[in-house]
Amino acid sequence: MNLLELQQRLGARVRSTIEEKFVSFPPVQGEIPPRTELGDVAFPVAFEVAKRLKQEKGERANPRAIAEELKAALEAEAGVARVEVAGAGYLNVFYDRAQSLQHLVASSDAPIATLSQGDMSAGDKSKVIVEHTNINPNKAAHIGHLRNGVLGDTFVRVLRATGATVEVQNYIDNTGVQVADVVVGFMHIEHMTLEDVRRLDESLTPERPFDYYCWDLYAQVGLFYRRGDAEGKEDPELLKLRSDTLHAIEAGDNPTAELADYIATRIVECHLKTMGRLGIRYDVLPRESEILSLRFWDRAFGRLKETGAIRFETEGRNANCWVMPADSHTGTDEHDADKIIVRSNGTVTYAGKDIAYQLWKLGELGLDFYYKPFQQYVDGHVVWVTTSQPPTDEAMVANQPPKFGGGSIVYNVIDSRQSYTQDIVQRGVQAVVPGLAREPSVHLSYEMVALSPAASEELGFELSAEDRARPHIEMSGRKGLGVKVDDLIDRLEANALKEVDTRHAELSPEEKFETARIIATGALRYFLLKWTRNSLIAFDFKEALSFEGETGPYCQYAAVRANSIFRKLDDDTLARARAFAKGLAGSEPDAEAVRQIFAGEGGDELWSLLTQAARLEETTAQAAAQAEPAYLAKYTFQLAKAFNLFYHRHRIIAEENETRRIVLINIADLVRRQLTAALATLGITVPERM
RNA sequence: GCACCCGUAGCUCAGUUGGAUAGAGCGUUUGACUUCGAAUCAAAAGGUCGUAGGUUCGAGCCCUACCGGGUGUACCA
């Protein structure tokens with residue numbers, strides 16, 4: 001359902017008419033006027049035409065006169081009711097509302113249309129890869145991690161809604177210092193072996209599961225390195241425990257590595273469960289351990305040396321290192337401009353490993369992982385995890401994974417603090433595969449989630465006067481300061497359940513809980529999506545827990561209300577209303593009656609709701625092209641708002657004028673379809689009742 | 001120092017390739033439940049779009065300088 005085709009056709013006509021009568025001209029897009037009274041699409045091109053005429057031919061022309069000439073051409077187009085020239089030379093086009101209604105209803109029979117315009121060409125069958133979540137597997141997920149997951153997951157849904165084939169990856173850094181720290185905690189603070197940890201894990205209750213336990217332990221390790229003094233310095237002797245642990249993990253085949261693997265795997269299970277509560281899913285979990293053991297770096301290193309992207313330093317501060325020279329900034333005594341990729345001891349830095357990994361994602365490395373199933377969602381979808389060994393037994397051989405990696409474009413959802421490193425990675429990738437695409441590997445950057453001072457205190461953290469004056473306080477896993485995702489979901493569910501309980505006492509406990517779960521998910525996902533990517537979220541409990549105003553539940557509520565109309569209306573009435581709309585082309589008296597209903601101020605209001613609903617596909621395409629899910633979230637809220645107003649002003653079932661009733665039914669039906677579809681793309685479902 | 005991001009209503013934020021009277025939510029004040037459910041709707045108040053220049057028929061948006069805030073700038077991952 002959309003009016004975009006008409007708009008595009010008119011744009012093409014405007015351009016061809018300009019070129020025919022005046023001067024050569026670039027493609028024109030058309031724009032949506034700020035108010036319905038100003039038309040359905042506007043072409044403010046006359047100013048530009050006048051300018052070009054003067055520049056190229058030396059003719060002086062009045063923009064209004066130019067607009068008048070273009071007006072005649074547009075009036076002849078099908079679907080156009082009238083054209084006005086407004087202001088100094090705006091060309092405002094009004095669509096035939098009866099014909100548009102007929103078209104919109106007819107096209108709403110088809111499943112949600114896939115788009116063929118923009119950068120995300122549906123004709124291009126190549127795969128898009130989105131990597132998101134990427135939480136260090138050493139503790140419970142907090143809301144900062146969740147912003148990443150929700151942003152990534154929603155972007156995936158947006159891309160899929162435009163017809164793209166998308167693969168979802170969640171990178172697991174299972175061999176890094178963060179995991180090593182928790183291993184140190186278990187081994188040197190708790191003095192536990194792998195068996196002890198297993199037993200502990202089994203004994204833990206749902207109130208404090210393994211990832212929560214590790215959350216606390218990780219914070220303790222931070223203190224442990226400082227000999228118990230939070231403000232003190234880290235003891236080098238204790239830090240050696242960390243580096244020894246890290247080396248043991250990287251070497252593999254020893255009890256420390258086995259413990260690390262147990263912890264990381266269990267935490268990943270916890271993360272997947274947490275994310276699963278919000279409908280966030282993955283296809284494959286590439287792990288750092290396999291990037292190391294399968295020697296991805298060695299291959300990438302060779303390519304980087306060949307292309308000259310990195311150079312070996314023989315003297316100076318970076319002697320014996322391989323560095324990537326800087327181009328975007330200059331260095332100082334304190335900060336060197338060049339970025340070290342290979343250390344003087346021959347080991348590779350994070351940026352280097354990531355270059356290798358990005359090359360694999362783009363199918364440009366010439367190496368692949370082996371895979372095994374990690375877990376299965378209830379609907380049968382399997383999440384795979386990488387492994388270093390080829391399948392051995394017959395069952396594994398028979399159970400072939402899909403082909404992973406090799407995307408035509410890769411989006412990496414990573415917060416903006418890593419922009420510098422990501423820039424290094426991009427440059428490395430582009431040096432190795434220059435001709436691939438303009439930007440095959442995209443850093444989908446977003447600002448972090450911090451805590452409002454009030455939220456920090458609510459979590460029981462004492463703030464200094466200085467901190468309290470700050471606009472926000474950064475979360476810190478090391479200090480254990482943060483809002484755990486599961487805690488927040490639990491609170492949202494409990495609050496929603498209370499509301500459902502007071503409104504729908506008649507529902508069964510299961511129905512009540514399911515409704516509360518859907519509302520909580522809607523609230524949380526919308527809360528994280530309504531901000532644009534480079535807006536920092538200062539997390540506030542009151543705001544996050546709200547179900548009123550610009551929230552997910554507000555949008556859900558509008559859809560629930562729309563559905564409630566159709567619950568009371570028999571199917572036959574809806575079918576007849578739709579048939580009437582579809583038949584408008586064949587009946588001039590009916591079409592005229594519909595035009596009457598859409599006339600005047602009240603008619604404009606109905607029409608404006610309809611056109612707003614028709615813009616979902618266009619908005620989704622924009623959200624995809626700009627990689628900005630917030631566009632879709634804002635649109636959904638605005639549509640819900642417009643529908644709530646409509647709902648309040650019109651009694652649909654009780655409407656006495658038959659034609660008017662039919663029109664209202666069609667509008668309500670189209671809006672609820674679009675609203676439901678928009679919410680689905682945001683990962684939000686509509687409950688039966690609320 | 002350098003790089004990137006931000007500065008719009010009391011607060012938190014939208015404002016997409018420059019377009020018509022700069023918009024939401026929250027908060028404040030006031031009004032609307034016998035209806036397809038008020039998790040809603042309506043109305044009011046609230047703005048030198050950080051400052052100063054510039055480009056343009058037209059600037060919140062583009063350019064320059066400055067002021068203020070944030071984040072990076074590791075032989076950590």
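Every chain is numbered from 1, with letters handed out A, B, ... down the list of sequences.
Nucleic acid contact class of A:Thr551 (heavy atoms, under 4.0 Å, all strands): none. Looking at heavy-atom distances under 4.0 Å, A:Ala562 makes no contact with the nucleic acid at all. Counting non-hydrogen atoms under 4.0 angstrom, A:Asn563 reaches nothing in the nucleic acid. A:Gln418 comes within contact range of at least one nucleobase, with a heavy-atom separation under 4.0 Å. Residue contacts for A:Gln178: at a heavy-atom cut-off of 4.0 Å it reaches no nucleic acid atom on any strand shown. Residue-level contact check: A:Ile519 touches the bases, meaning some heavy atom is under 4.0 Å from a base atom. Within 4.0 Å (heavy atoms only), A:Arg651 reaches at least one base atom of the nucleic acid. Residue A:Ser416 is classed as having no contact, given no heavy-atom separation below 4.0 Å to the nucleic acid. Among the atoms of the strands shown, only primed sugar atoms or phosphate atoms (P, OP1, OP2) are found under 4.0 Å from some heavy atom of A:Leu645.
Distance from the side chain of A:Arg343 is smallest to B:C76 among B:C76, B:A14, B:C26. Considering only side-chain atoms of A:Phe47, the nucleotide from B:C57, B:U40, B:A20 that sits closest is B:C57. Among the nucleotides B:U40, B:G25, B:U17, the one closest to the side chain of A:Phe637 is B:G25. Listed nucleotides B:A24, B:C75, B:A14 differ in distance to A:Thr532; the shortest reach to its side chain belongs to B:A14. Considering only side-chain atoms of A:Cys321, the nucleotide from B:U12, B:C75, B:G15 that sits closest is B:C75. Here the nucleotide nearest the side chain of A:Val500, chosen from B:A39, B:A14, B:C5, is B:A39. Taking only side-chain atoms of A:Pro44, from C-beta outward, the nucleotide of B:G70, B:A20, B:G19 with the closest atom is B:G19. Among the nucleotides B:G15, B:G25, B:A39, the one closest to any side-chain atom of A:Tyr631 is B:G15. Between B:C5, B:U35, B:A39, one nucleotide has an atom nearer to the side chain of A:Asn534 than all others, and that is B:C5. Listed nucleotides B:G72, B:G19, B:A39 differ in distance to A:Tyr420; the shortest reach to its side chain belongs to B:G72.
Here, B:A22 and B:C49 have their P atoms 11 Å apart, quoted to the whole Å. Using atom C1' as the reference point in both B:G19 and B:A43, the two lie 30 Å apart (nearest Å). Look at the C1' atom in both B:U55 and B:C63: the space between them is 7 Å, to the nearest Å. If you take atom P in B:G54 and the same atom in B:G60, they sit 15 Å apart, rounded to whole Å. Taking the P atom of each, B:U12 and B:U8 are spaced 8 Å apart, rounded to whole Å. Taking atom P in both B:G7 and B:A14, the straight-line distance is 8 Å, to the nearest Å. Spacing of C1' atoms, B:G15 relative to B:G53, comes out at 25 Å, to the nearest Å. Only the P atoms considered, B:G46 is 15 Å distant from B:G23, to the nearest whole Å.
Side-chain atoms of A:Arg567 do not come within 3.5 Å of backbone N or O of A:Asn563 as any donor-acceptor pair. Put simply, the side chain of A:Tyr557 never gets that close to the backbone of A:Met690: no donor and acceptor are under 3.5 Å apart. Looking at A:Asn148, its side chain does come within 3.5 Å of a backbone N or O of A:Thr133 through a donor-acceptor pair.
Of the charged side-chain nitrogens involved, none lies within less than 4.0 Å of a carboxylate oxygen, so that A:Asp415 and A:Arg147 do not count as a salt-bridged pair. Between A:Arg311 and A:Asp338, at least one side-chain N (NZ, or NE/NH1/NH2) sits under 4.0 Å from a carboxylate O, which counts as a salt bridge. In this structure, A:Glu618 does not pair ionically with A:Arg615, as no charged nitrogen and carboxylate oxygen lie closer than 4.0 Å.
In this model, a side-chain donor or acceptor of A:Arg503 finds a partner on the base of B:A39 within 3.5 Å. Put simply, the side chain of A:Ser344 and the base of B:C75 share a donor and an acceptor less than 3.5 Å apart. For A:Asn644 and B:A38, a side-chain-to-base donor-acceptor distance below 3.5 Å is absent, hydrogens and geometry of angles not being considered. Residue A:Arg561 places no side-chain atom within donor-acceptor reach of the base of B:U40, judged by atom type and a 3.5 Å distance cut-off alone.
OP1 or OP2 of B:G25 lies within a sub-4.0 Å distance of a side-chain N or O belonging to A:Lys641. OP1 or OP2 of B:C41 sits under 4.0 Å from a side-chain N or O of A:Tyr554. Checking the phosphate oxygens (OP1, OP2) of B:A14, a side-chain nitrogen or oxygen of A:Ser535 falls inside 4.0 Å.
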Symbol by symbol from the 5' end, with Watson-Crick or G-U pairs under 3.5 Å, [ ] crossing and | another strand, RNA chain B is (((((((..((((.....[...)))).(((((.......))))).....(((((..]....))))))))))))....
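In this structure, the CD atom of A:Gln422 is 13 Å from the P atom of B:U73, given to the nearest Å. Residue A:Arg649 contributes atom CZ, which lies 17 Å from atom P of B:A32 at whole-angstrom precision. What separates CD1 of A:Ile537 from P of B:G70 is a distance of 19 Å, to the nearest Å. Remark: C1' of B:A39 and CD1 of A:Ile518 are 15 Å apart, rounded to the nearest angstrom. In this structure, CH2 of A:Trp531 is placed 18 Å from P of B:A24, rounded to the nearest angstrom. Spacing between atom CD of A:Glu447 and atom C1' of B:G7 amounts to 13 Å, rounded to whole angstrom units.
No hydrogens or angles considered: nothing links the side chains of A:Thr515 and A:Arg689 as a donor-acceptor pair under 3.5 Å. When only modelled atom types and interatomic distance are considered, A:Glu550 and A:Tyr526 share a side-chain donor-acceptor pair under 3.5 Å.
Nucleotides of RNA chain B nearest to A:Ala319 and A:Ala496 differ in position, and the one nearer the 5' end is that of A:Ala496. A residue-by-residue look at A:Ala640 and A:Gly30 shows that A:Gly30 has its nearest nucleotide of RNA chain B further toward the 5' end.
For A:Phe646 and A:Phe643, the ring centers sit closer than 6.0 Å to each other.
Counted within 6.0 Å of CD on A:Glu506, heavy atoms from surrounding residues, nucleotides or ligands total more than 12; the atom is thus considered enclosed.
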Test side chain to side chain donor-acceptor pair (under 3.5 Å) on A:Asn412 and A:Tyr171 and set out the steps.
CA-CA 10 Å; A:Asn412 307 291; A:Tyr171 178 75; over 6 Å; no
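An aromatic stack links A:Tyr90 and the base of B:A20, using centre distance under 5.5 Å and interplanar angle under 30°.
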